Amino acid sequence: MVSEDVKVGHFGREAIVGSVVLPGQVVEEASSAEQKKVTLGPGVERVKENIVVCNSGILKKSEPNIYYVDNLQKRYTPVRKECVIGVVTMKAGDIFKIDINSSEQASLSYLAFENVSKKNRPRIEVGDLVYAQILSASKDMEPELVCVNSYGKQVTMGVLPAEGFLFQCSINLIRKILSPECPLLSKLGKRIPYETAIGMNGRIWIKAKNVDATLLIGNAILASEYASTETINEICDNLLKKLPNV
Amino acid sequence: MKELIVSTCEKNFIRQAVSQGKRLDGRKFDDLRKLDIKYGLEWGSCVTTLGSTKVVAQVSCDVQVPKTSRPNEGLLFINVELSGMASVHFESGKINDAEVKINRILEKCFRESKCIDLEALCIVAEEKVWNVRVDLNILNYEGNVVGCCSIAALAALAHFRHPDVTSTGEGIIIHSEAERDAIPLTIHHYPVAVSFALFDQGKHIIHDPTALEEHVSDVQLVVCVNSYRELCGLYLEGSSIKTVDLVVRCSSQAAKIAKRLVDYVRDTLQEDQNVRNSNMQVPGLVSCVNEDSLFALSQERLIIKLTDRELQEKIKELTTETEEKLDVEMKDCSNEDMKIVSTGPSSAELVSNLDVKVGLGDKNAWMVDEGGDYSSESENSEVELVQEVSRHEKVIQLELSGDSEEEEVTVLKPENLEQRDLSQKLPKKKKSGKK
């Protein structure tokens, strides 16, 4: 957050893009944009003719006219089409109950996998990790997950192996390491072979050869939260140089 | 959701790491997380943080009718609240098992160990006694909540003062703080709960476990000990312990930790007292809710750390370098009101240089002459003294045979009569009782 040069201390009626905002502030810029189409992301709401902030955090804008509030929270708000990592908490007849760190548990049908039928069920146990896509996310219903894309293919989704480690981080960090400009994952991958699954619900699963390597990758990812691209490079170089036998 | 959801992959990984002698946050098995206690403006309020576990304690008192079974004893009530704020898996409004468990352990630790002189809280026997209530609110649940709660409760109780009372024969007068100085509670000993997580049938003992470690471990053991190595309570959860000496080993380790923790609590209390005595403005809890800091009350984000010290330092070096760069950049922007402060490995904080004081209130003047009458003097001397007594445990025995002080009897063994000079160091109460 520091590196992005956040302005602090302007808590008037108007919410300014790029500064810390509080619920109730009005995004004048978006409200007055008459002809243009405005897209509202998380943390911003329409109240009558005004666009009002409903979450505290940093107000961000991306082109064209997309407004959202970037904040830190423990819970995840499900969004359609996002890939998440969930933990199976219950097997209830035809569906699995999956914890995706949202207020309500998501449901995953046993038929939402590739090559399954009523006779050939997928092998999933309570406590397993699933990498899945959110099919529906609505206010009044529990989120629904699927492990296939629209062509019925599993691609990268499905049950994750019971090895490796799962850790939590902020959604900002997830966005950061998934962006094409971020050299972190590829840089690490050149020296240490590892598998990873990154869920938009702030969960990262990593599987490397041993505990040390897994911890190293985890540490590198978490350490890069507030670091610039150069620093990330430096951190990676130094970590890899010092690591003896991975 | 009733409890923390942990996947099998996390369980396997933590067990594997522990068997290799590693912890996720880079601590050694017997390392504790950073403890911090901040006291509020009011008596008996404090915020305690242990790593990222955070507890707010507030002690309050009111006058009540005593129990008929103990007509001349005050009441002590401990209330623990685990709301949805602490962790996503707690539902507010419902009483959950964790809450009851913590409450029970703390009651054992404080009420049943009789660390607080409840008789001193009696105003009129059978009619009016002080009811001391400890409220503990858990703000963040990140493992070892019991330990954090016990430290918070201890610090708050030791910090607390109740108003002075005079009896007129017909009724009682409760004096406000302006009229008479408030009276601190009499605390006989300082107990704390120390928790352990045991792996591999007790082969690996982990101190101050995080929420994940607690959940994955075979056995969770909570030992309540005071600073004089006296056991006040024991709580065991999970599978049974198979080796005989494990509990003994754990409790002797707990005793060492307890000594350290109690010393820390005393130090912070002393610091707070010094600030209050020195006529300075008491910072109160405002100091931890810093308005001009972006990361006020924020959690530590780096949950995974490397054990390798060299690596850690390297990362620290790197980040401080970049911070310096950032600092320069910031100055170039001619934004001199702000500065960046390093708050640990790979994190920095934007802090305003301006002395913004919002809601700090006025200086309190009435506490100036309240000096070292009780607190500083007696507390300090008590520390040294009781260590000596415990060393000569067999020499001096104190027998309390009744309620009033006159009936106190001190028994001295004849062969150790030359050690009577020790009694000069005893507090006044014990001296007067010697006949």
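Each chain gets a letter, A, B and so on, in the order the sequences are listed, and its residues count up from 1. These numbers come from a predicted model, not from an experiment. Just the heavy atoms: all of them, side chains too, but no hydrogens, waters or symmetry mates, feed the values below.
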Just one of B:I138, B:D135, B:N137 clears the side-chain contact (heavy atoms from CB on, under 4.5 Å) bar with B:V80, so which one? B:I138
Using a strict 4.0 Å threshold on nitrogen-to-oxygen distance, state whether A:E125 and A:K91 make a salt bridge. yes
Please report the closest heavy-atom contact between A:S107 and A:I95, naming both atoms and the distance. CB-CD1, 4.0 Å
Counting only non-hydrogen atoms closer than 4.5 Å, does A:L129 touch chain B with its backbone (N, CA, C, O), its side chain (CB onward), both, or neither? side chain
With a 4.5 angstrom heavy-atom cut-off, is it the side chain or the backbone of B:E10 that approaches chain A, or both, or neither? both
Which of residues 207-217 of chain B have a heavy atom under 4.5 Å from any heavy atom of chain A? B:L212
Working for ring pair (Phe, Tyr, Trp, His ring centres under 6.0 Å), residues B:Y141 and B:F90: CA-CA 10 Å; B:Y141 184 96; B:F90 294 117; 5.0 Å; yes
Given B:I205, which partner from the list B:F29, B:F199, B:F196 fulfils the side-chain contact (heavy atoms from CB on, under 4.5 Å) test? B:F196
Under a 4.0 Å threshold between the charged nitrogen and the carboxylate oxygen, would A:D94 count as salt-bridged to A:R121? yes
Does A:D212 come within less than 4.0 Å of B:K22, counting only side-chain N to carboxylate O? yes
